[in-house]
Amino acid sequence: MSSIRRQSTWASRTVIAAVLFGTMLQAPAPRAQAPKRLALVGGMLLTGYEIPPIHHAAILIEGTRIVAAGPASEIKIPPDTTVIDTSGRTMLPGLIETHAHLIVLGHGSYETWFPWIAAHGGAGMLTRVMEISARQLLMAGVTTAIDLGAPLAESLSIRDRINKGEVVGSRVFVSGPWISHLAGAAATGAMQVGFGGINISTPEEAARETERLANAGVDHIKAHAGLTFEDYKAIVGAAHKHGIKVYAHVYAEPDVKHALDAGVDVLQHVGSAGTAPPYSRELITEIVNAGRPVVVTAAHRSWVYPDTAAFPERLQDPGLKKAFGPDIYAEVQDSLKNWWTLSYFQRTDREMLYREAGVKQFIDSGAVMGMGTDSGTPMNFHSEALWREIKAHVDLGMTPTRAIGAATRVNAQIIGKGRDLGTIEPGKLGDVIVVDGNPLFDIVTLSRVVTVVKGGVVWKQDGVFVDAAKRRGSNHAF
Ligand SMILES: [Zn+2]
Ligand SMILES: [Zn+2]
């Protein structure tokens with residue numbers, strides 16, 4: 001925190017005056033070349049590190065980057081700064097989602113969802129769906145998301161349009177289609193086709209497809225199901241030549257072992273959804289010793305299912321209706337009418353037997369744990385998947401500080417963006433969210449995101465989306 005600025009008395013008076021006279025988010029008189037500044041002042045600050053919170057804190061952002069953070073009494077706020085009063089609330093780094101699917105919105109069945117898209121506009125509808133997902137994520141405080149499976153052209157397009165400010169959304173990094181090695185019906189099923197999956201049959205083919213995706217500009221590779229050790233090695237070799245990471249979708253112990261030994265960068269799903277009893281002690285020890293990150297995607301079946309049984313009303317959250325529009329909302333509602341009969345949940349009773357042991361084996365082992373949710377899968381809405389996942393971990397003994405660190409600092413490192421994202425400190429991108437309450441006391445506070453700042457731009461304030469006109473009128477153009 002060496003670059004924290006010393007506060008002067010006039011600066012603190014400026015802050016108080018700005019707050020008292022309601023100038024939050026109002027534009028100061030435009031001045032040529034003046035650096036655009038934003039400050040969030042007054043609330044508790046969780047930096048993303050496993051240290052105690054900083055009380056009555058302030059964060060100062062200049063342009064897109066954080067320039068100072070610490071106790072408000074020590075931060076000098078220059079006079080032409082836009083100030084957001086965060087008193088009584090908690091500020092933390094923008095959340096990072098390491099396993100999202102922008103082409104699904106919680107619909108109950110891939111077998112009917114993808115044909116419905118095809119019959120209702122095809123590529124145009126798919127694009128609309130991805131835009132809805134990206135916006136839901138951002139409004140939920142997810143400022144960065146890793147997409148792990150969608151058609152190539154649409155994936156690259158949404159990423160680039162978000163970065164240009166043409167689409168409102170979480171900053172996304174995309175895999176494009178996943179690579180799998182499947183036989184029979186699985187190779188041509190609705191899921192494989194809908195997600196645009198590439199089916200390979202040899203390691204050479206796996207390397208070629210990886211190469212092709214990397215050249216097309218994807219940010220990472222998703223290694224999906226059925227791959228052999230040689231396939232993983234071929235994918236990893238080709239991906240690493242291009243400096244991009246490989247995320248593997250692995251459940252069963254032999255698959256996890258193959259992916260680990262082949263050098264896959266992030267092990268996704270491992271132990272989750274309780275599809276298998278806990279792994280052997282040897283495998284856990286190897287993962288821990290290798291420092292290989294795991295993202296268990298714990299909640300998407302084993303918590304979402306019982307939570308929905310307890311409160312099926314969650315499926316009619318008014319926020320969903322608003323986000324989807326009437327046509328998509330009606331289709332999703334129709335698909336969830338008898339949600340407990342969906343094939344997606346057919347093994348959930350068995351999975352729930354193992355859900356606790358499956359997650360605890362990693363929490364208690366000291367493994368590098370990120371946080372990702374498979375958001376968009378049935379009943380696993382982008383608007384709430386991440387706080388549910390974090391809650392599942394906290395329920396099983398992860399401290400709230402560690403869980404928040406996993407969803408911010410650790411996730412940033414896992415995705416290779418630790419220099420820019422994941423913590424609140426000078427030099428990092430200005431990705432900050434404000435939640436209404438104390439998440440260290442009640443982790444579900446993370447569901448109450450009132451302010452979202454991404455890259456120094458305020459996208460949500462006082463619980464309301466900040467539209468383009470206001471964003472332009474504020475200090476912070478794109
Ligand atoms: Zn997966
Ligand atoms: Zn997935």
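When a ligand or atom number is given, it counts from 1 through the structure's own listing order.
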Is the distance between the ring centroids of [X] and [Y] under 6.0 Å?
{"X": "Tyr247", "Y": "His220", "result": "yes"}
{"X": "Trp340", "Y": "Tyr305", "result": "no"}
{"X": "Phe195", "Y": "Trp178", "result": "yes"}

Exercise for the section: Please say whether the positively charged group of Arg135, taken as NZ for Lys or CZ for Arg, lies over the ring of Phe465, i.e. under 6.0 angstrom from the six-membered ring centre and within 45 degrees of the axis. Expected result: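 Judged by the rule, Arg135 and Phe465 form a cation-pi pair.
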Exercise for the section: Using the six-membered ring of Tyr344, assess whether NZ or CZ of Arg301 lies under 6.0 Å from its centre and within 45 degrees of the ring axis. Expected result: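 So Arg301 does make the cation-pi contact.
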Problem - Test side-chain hydrogen bond (donor to acceptor under 3.5 Å, both in side chains) applied to Gln268 and His224, His99, His249, Lys222, the passing residue - result: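 Answer to the side-chain hydrogen bond (donor to acceptor under 3.5 Å, both in side chains) test with Gln268 among His224, His99, His249, Lys222: His99.
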Exercise for the section: Around the Zn ion (ligand 2), list the protein N/O/S atoms within a radius below 2.8 Å, excluding water molecules. Expected result: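 Under 2.8 Å from the Zn ion (ligand 2) - ignoring waters, which are not counted - the protein N, O or S atoms are His99 NE2, His101 NE2, Asp374 OD1.
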